Amino acid sequence: MKKLSEKKVFRDPLYGYIEVEHQTIWDLINAKEFQRLKRIKQLGGVNSVFHTAEHSRFSHSLGVYNLAKVVTEKIEDIKNYLSERDKLLLYCASLLHDIGHGPFSHAFESSFGVNHEDISIQIILGNTEVNQILNQVDEKFAQDVADVISKKTNNKVILELVSSQLDLDRLDYLERDAYFTGAKYGEIDVDRIMRTMQVKNDMLVHKYTSVIAIEDYLMSRYNMYWQVYFHPVGRSFELIIEKVYKRIKELYNAGTKFNDVYTPLIKLLNSNENINLYDYLRIDDHVIYNIILESEYFDDPILSDLSSRLIHRRLFKDMVVNSDNQGKVEEIKQLLISKNINLDYYFIEDSLNQLIYAAKYDLDRAANIKLVMANGEIKELKNVSKIINALVDIADKRETRVYYPLDFIK
């Protein structure tokens with residue numbers, strides 16, 4: 001595989017220097033589809049809560065690539081197991097795993113019925129700079145990268161490194177998101193977890209002595225979801241964005257005319273799930289923010305109000321729904337109705353759930369976390385860790401909240 005005449009480096013707050021030595025990786029980083037990730041925030045609306053959460057999917061993707069490079073250089077089992085082509089395949093899949101993300105990703109996917117992994121595969125296999133670069137490796141390489149992203153690859157070691165319950169993606173985003181939000185929940189012992197990786201029976205396993213670090217990792221990820229990713233203020237921001245998309249589509253279908261600022265979004269709204277890749281790649285955070293800024297003064301009270309709330313952080317109030325406050329929830333709804341408030345836009349029910357560890361898979365599935373014992377036997381994590389075994393059934397947290405404009409009913 002062609003190497004650069006001189007290594008390129010990126011300065012990273014987590015890893016120091018991230019080194020690039022393969023021409024293919026350097027070309028991919030400079031491809032326009034990958035450069036777009038600089039304009040996609042990693043945490044979307046979470047920066048409404050944690051003001052320093054301004055990092056991009058570009059930096060996260062570089063971080064995952066860096067971890068892939070570390071394990072192939074420092075973990076002997078992986079270094080010896082993977083061929084040079086396999087290593088490049090791992091690097092490319094790690095770098096490109098999030099290339100299909102849209103702005104405010106979860107709100108975007110929900111509103112437009114797209115899946116970022118499907119878009120990633122389209123970028124890898126479509127008429128793109130990324131595809132042209134991958135094809136220069138060999139004629140099957142782009143498809144092999146796509147197969148890793150789509151979990152169709154036969155190489156379980158690469159698959160588990162890229163996409164499993166303990167993959168390089170999660171190791172980077174937990175550390176990176178914790179760093180940029182200032183939240184301590186996501187601080188994990190990445191070095192320990194990676195240093196105990198081994199390859200047994202063509203599978204990625206972890207030495208049993210890493211069980212405490214893995215337990216801590218799973219608890220940290222669980223807590224990050226409830227304290228950061230599912231924070232009600234961040235969720236309020238994303239739910240309101242969904243309503244902005246909904247209102248624009250409703251107005252457009254009713255014959256309302258929009259200026260050119262809205263054109264990229266209008267094209268997607270009318271794609272009927274047959275997303276045009278060129279149109280999709282035109283959308284980034286800046287495009288959406290421009291639309292929201294323009295919409296604050298649009299001649300529609302709902303679109304204008306929702307946009308103003310996003311710009312000036314006048315978000316919806318939230319309330320956890322439980323058996324004790326059903327009456328209060330209904331009272332809020334009736335108050336909104338009495339004031340002729342459109343419930344489709346101003347009363348939102350949001351249900352979330354998160355498992356600490358999914359133990360439903362067979363031992364040979366790539367999704368499982370496997371430990372190799374002192375005698376060489378391979379066991380699933382839940383059969384070794386009393387903590388995880390105890391939490392598998394009870395740490396399946398589900399929560400429903402309603403969101404509403406408190407200022408409308410005061």
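As the structure is a prediction and not an experimental result, all values here were calculated from the model.
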Within a reach of under 6.0 Å around [atom1] of [X], are more than 12 heavy atoms found that belong to other residues, nucleotides or ligands?
| X | atom1 | answer |
| --- | --- | --- |
| H312 | NE2 | yes |
| N322 | CG | yes |
| D260 | CG | no |
| N253 | CG | yes |
| D299 | CG | no |
| E349 | CD | no |

For [Y], is there any backbone N or O sitting under 3.5 Å from a side-chain donor or acceptor partner on [X]?
| X | Y | value |
| --- | --- | --- |
| N30 | W26 | yes |
| R170 | Y217 | no |
| S111 | F108 | no |

Let me see the working for E330 and K328 under salt bridge (charged side-chain N to carboxylate O under 4.0 Å, His left out), right down to the final yes or no.
CA-CA 5 Å; E330 185 61 29; K328 180 64 176 176; over 6 Å; no
Less than 6.0 angstrom separating the ring centers of [X] and [Y], yes or no?
| X | Y | result |
| --- | --- | --- |
| Y252 | Y262 | no |
| F408 | Y346 | yes |
| H97 | H116 | no |
| F237 | F104 | yes |

For [Y], is the NZ or CZ atom of [X] found under 6.0 angstrom from the centre of its six-membered ring and inside 45 degrees of the ring axis?
| X | Y | value |
| --- | --- | --- |
| R247 | Y345 | yes |
| K317 | Y404 | no |
| R11 | Y17 | yes |

Least distance between heavy atoms, V49 atom then V233 atom:
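Result for this residue pair: CG2-CB, 3.5 Å.
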Heavy-atom closest pair, residues N353 and F230:
O-CE1, 4.0 Å
Residues [X] and [Y]: side-chain donor-acceptor under 3.5 angstrom:
| X | Y | result |
| --- | --- | --- |
| D177 | H55 | yes |
| S308 | R314 | yes |
| Y173 | R57 | no |
| E139 | N135 | no |
| Y91 | T72 | yes |
| E215 | S385 | yes |
| E294 | N290 | no |
| Q35 | K38 | yes |
| N47 | E54 | yes |

Residues 276-289 vs side-chain hydrogen bond (donor to acceptor under 3.5 Å, both in side chains), sequence neighbours excluded, gives R39-D284
SB check [X] [Y] (cutoff 4.0 Å):
| X | Y | value |
| --- | --- | --- |
| D407 | R309 | yes |
| R235 | D318 | no |
| R401 | E399 | yes |
| E187 | K184 | yes |

Assess the residue pair D344 and K246 against the criterion (salt bridge (charged side-chain N to carboxylate O under 4.0 Å, His left out)); give the C-alpha distance rounded to whole Å, side-chain angles, the decisive distance to 0.1 Å, and a yes or no.
CA-CA 10 Å; D344 284 345; K246 174 182 170 70; 5.1 Å; no
Mind running salt bridge (charged side-chain N to carboxylate O under 4.0 Å, His left out) on K151 and E117 for me, showing each step along the way?
CA-CA 10 Å; K151 304 178 182 62; E117 289 186 354; 3.4 Å; yes
For D12 and R176: C-alpha separation, side-chain torsions, deciding distance, then whether side-chain contact (heavy atoms from CB on, under 4.5 Å) applies.
CA-CA 10 Å; D12 187 81; R176 192 170 297 277; 3.0 Å; yes
Might you work through the salt bridge (charged side-chain N to carboxylate O under 4.0 Å, His left out) test for K87 and E84, ending with a clear yes or no?
CA-CA 5 Å; K87 290 174 185 175; E84 289 304 307; 3.3 Å; yes
Kindly determine whether L134 and L125 satisfy side-chain contact (heavy atoms from CB on, under 4.5 Å), including the steps that lead there.
CA-CA 9 Å; L134 295 173; L125 298 179; over 6 Å; no
Considering the options V71, V199, D86, which one meets the side chain to side chain contact (heavy atoms under 4.5 Å, CB included) requirement together with V157?
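By the side chain to side chain contact (heavy atoms under 4.5 Å, CB included) criterion, V157 pairs with just one of V71, V199, D86: V199.
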My understanding is that only one of T256, I292, I248 makes a side chain to side chain contact (heavy atoms under 4.5 Å, CB included) with L303; could you say which?
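Filter result, single survivor: I248.
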Please lay out, stage by stage, how L371 and E380 fare under the test side-chain contact (heavy atoms from CB on, under 4.5 Å).
CA-CA 6 Å; L371 300 176; E380 187 186 344; over 6 Å; no
